[in-house]
Amino acid sequence: MEPEINLRATLECGQVFHWQERDDGAWEGLIGNVHAVVRENAVGLEVVQGDPAAVARYFALDHDLGRIYAGFPRDATMLAALDFCRGLRIIRQPAWECLATFITSSMKQVTHIRQMSHALRARFGRGVRGSRLRSYPSPAALAAASEEDLRGCGLGYRAKNLRATAQRVASGEADLEAWRQLDDAALREALCTLPGVGRKVANCVMLFGFERCGAFPVDTWIARIMREHYWRGRAKPTPLALERRLAKRFGPHAGYAQQYLFHHARMTQRRARR
DNA sequence: ACCCAGGGGCAAG
DNA sequence: CTTGCCCATGGG
């Protein structure tokens, strides 16, 4: 039996920003610097182009969704999100691509993050054989770019941070692959030393780029959901207070639960929010 | 015109 | 340890 996957939810939930749906319903993207085309069919994930093993790893088909769901709390809010997002997988995204895109994400909507990612790929990425997409620019490529050129990709004040972090990674001063051996707390601390990376972005990078499924990013959407459905108290809690007091309630895969709540809220309340 | 967006960094309380 | 303010840009 093939593992289930909801491809649209997985690729449009705000964890990765460059996949495109083709006219025939298949999805085209890059796994690292390798072209891939995938399609959702009746039994699971069909690899139209690309290396099946690499695709399976990227889409984390080995994650046991049944066991993950069993750890979710059973309140109405969580069950509604689960019903809506069932099959959404937290993918294994290359760490640098994930880190860089989330540095650009601050105070930006998902569509804007996609635009910036596309502009950066077009301007600083490399062509990929067999694909109309371009690779995400390497740390060296962004380290060598001028702040003005990065601002030209729509980054605004984020340009300085992306450039500075790219320089740290390109020089080897920040060794992302070596950081994989750190425990969660040490990894978060290391990520937060990078320019443009605070607790929220660090948690996103841990969750989407380092397979730390307990990481619990609190953005404006999650903060609102937590305040409305999971917080009994008078004073308005800070994002940090929400993370510290609520992450445990969502279990060892709190990051999964968080992503289901985020995507469900964004898809169902987008229009109602003026 | 006004508001907000997957926030971070820094100064000040 | 918390709060207030600024930082660009784009879309509703």
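Letters A, B, ... are given to chains in the order of the sequence lines, protein chains preceding strands, and every chain is numbered from 1. As the structure is a computational prediction, the values presented were derived from the model and not from experiment.
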Could you state the atom-to-atom distance from CZ of A:Phe102 to P of B:dG7 in whole Å?
-> 10 Å
Lys/Arg N to Asp/Glu carboxylate O, A:Asp62 vs A:Arg92, below 4.0 Å = yes
Report which part of the nucleic acid A:Cys192 touches: base, sugar-phosphate, or nothing (heavy-atom distance under 4.0 Å, all strands).
-> nothing
With respect to the phosphate group of C:dT2, does any side-chain polar atom (N or O) of A:Arg244 fall under 4.0 Å of OP1 or OP2?
-> yes
Under 4.0 angstrom, heavy atoms only, what part of the nucleic acid is A:Gly196 near: base, sugar-phosphate, or nothing?
-> sugar-phosphate
Whole-angstrom distance between C:dG10 and B:dA1, as gauged at atom C1' = 15 Å
In terms of the nearest nucleotide of DNA chain C, which residue is placed more toward the 5' end: A:Ser106 or A:His112?
-> A:Ser106
With sugar-phosphate meaning primed atoms plus P, OP1 and OP2, does A:Leu261 contact a base, only sugar-phosphate, or nothing at under 4.0 Å between heavy atoms?
-> nothing
Under 4.0 Å between any heavy atoms, over every strand shown, what does A:Thr238 touch: base, sugar-phosphate, or nothing? Just pick one.
-> sugar-phosphate
Which part of the nucleic acid does A:Ile113 contact within heavy-atom distance under 4.0 Å: base, sugar-phosphate only, or nothing?
-> nothing
A:Asn161 CG to C:dA8 P: how many Å, rounded?
-> 11 Å
Taking for A:Leu194 and for A:Phe262 the nucleotide of DNA chain B with the nearest heavy atom, the one nearer the 5' end belongs to A:Phe262
To the nearest Å, how far apart are A:Tyr260 OH and B:dG6 P?
-> 20 Å
Between B:dG6, B:dG7, C:dG11, which one does the side chain of A:Gln115 approach most closely?
-> C:dG11
Kindly confirm whether the side-chain ring of A:Trp221 is stacked on the base of B:dG6, judged by centres under 5.5 Å and planes under 30°.
-> no
Nearest-nucleotide 5' precedence on DNA chain B, A:Val197 against A:Val110 = A:Val110
In whole Å, what separates the P atom of B:dG6 from that of C:dC6?
-> 23 Å
Whole Å only: how far is the CZ atom of A:Arg245 from the P atom of C:dC1?
-> 17 Å
With both distances under 3.5 angstrom, what nucleotide forms a Watson-Crick or G-U wobble pair with C:dG11?
-> B:dC3
Is any side-chain nitrogen or oxygen of A:Arg158 closer than 4.0 Å to OP1 or OP2 of B:dG8?
-> no
For A:Gln109 and B:dC3, give me the distance from atom CD to atom C1', rounded to whole Å.
-> 11 Å
On the 0 to 90° scale, with breaks at 30° and 60°, tag the A:His253-A:Tyr256 ring pair as parallel, tilted or perpendicular.
-> perpendicular
Kindly check if the number of other-residue, nucleotide or ligand heavy atoms within 6.0 Å of CD (A:Glu147) is above 12?
-> yes
Name the closest nucleotide to the A:Lys108 side chain, picking from C:dT9, B:dG8, C:dA8.
-> C:dT9
Give a yes or no on whether a salt bridge exists between A:Glu243 and A:Lys200, defined as a side-chain N under 4.0 angstrom from a carboxylate O.
-> no
May I have the distance from A:Leu155 (atom CG) to C:dG10 (atom P), rounded to whole angstrom?
-> 11 Å
Examine A:Tyr260 together with A:Tyr69 and report whether their ring centres are nearer than 6.0 Å.
-> yes
Polar pair under 3.5 Å, donor/acceptor by atom type, side chain A:Gln259, base B:dG6 = yes
Does a salt bridge link A:Arg121 with A:Glu97, judged by any charged N lying under 4.0 Å from a carboxylate O?
-> yes
Whole-Å distance between C:dT9 P and A:Leu162 CG?
-> 15 Å
What does A:Phe208 touch in the nucleic acid at a heavy-atom separation under 4.0 angstrom: a base, only the sugar-phosphate, or nothing?
-> base
Starting at atom CZ of A:Phe216, determine the distance to atom P of B:dG7, rounded to an integer number of angstrom.
-> 15 Å
Ignoring hydrogens and angles, does a donor from either the side chain of A:Tyr157 or the base of B:dG7 sit under 3.5 Å from an acceptor on the other?
-> yes
Options B:dG8, C:dT9, B:dC4, nucleotide nearest the side-chain atoms of A:Arg151 | C:dT9
Please report the closest heavy-atom contact between A:Leu261 and A:Met226, naming both atoms and the distance.
-> CD1-CE, 3.8 Å
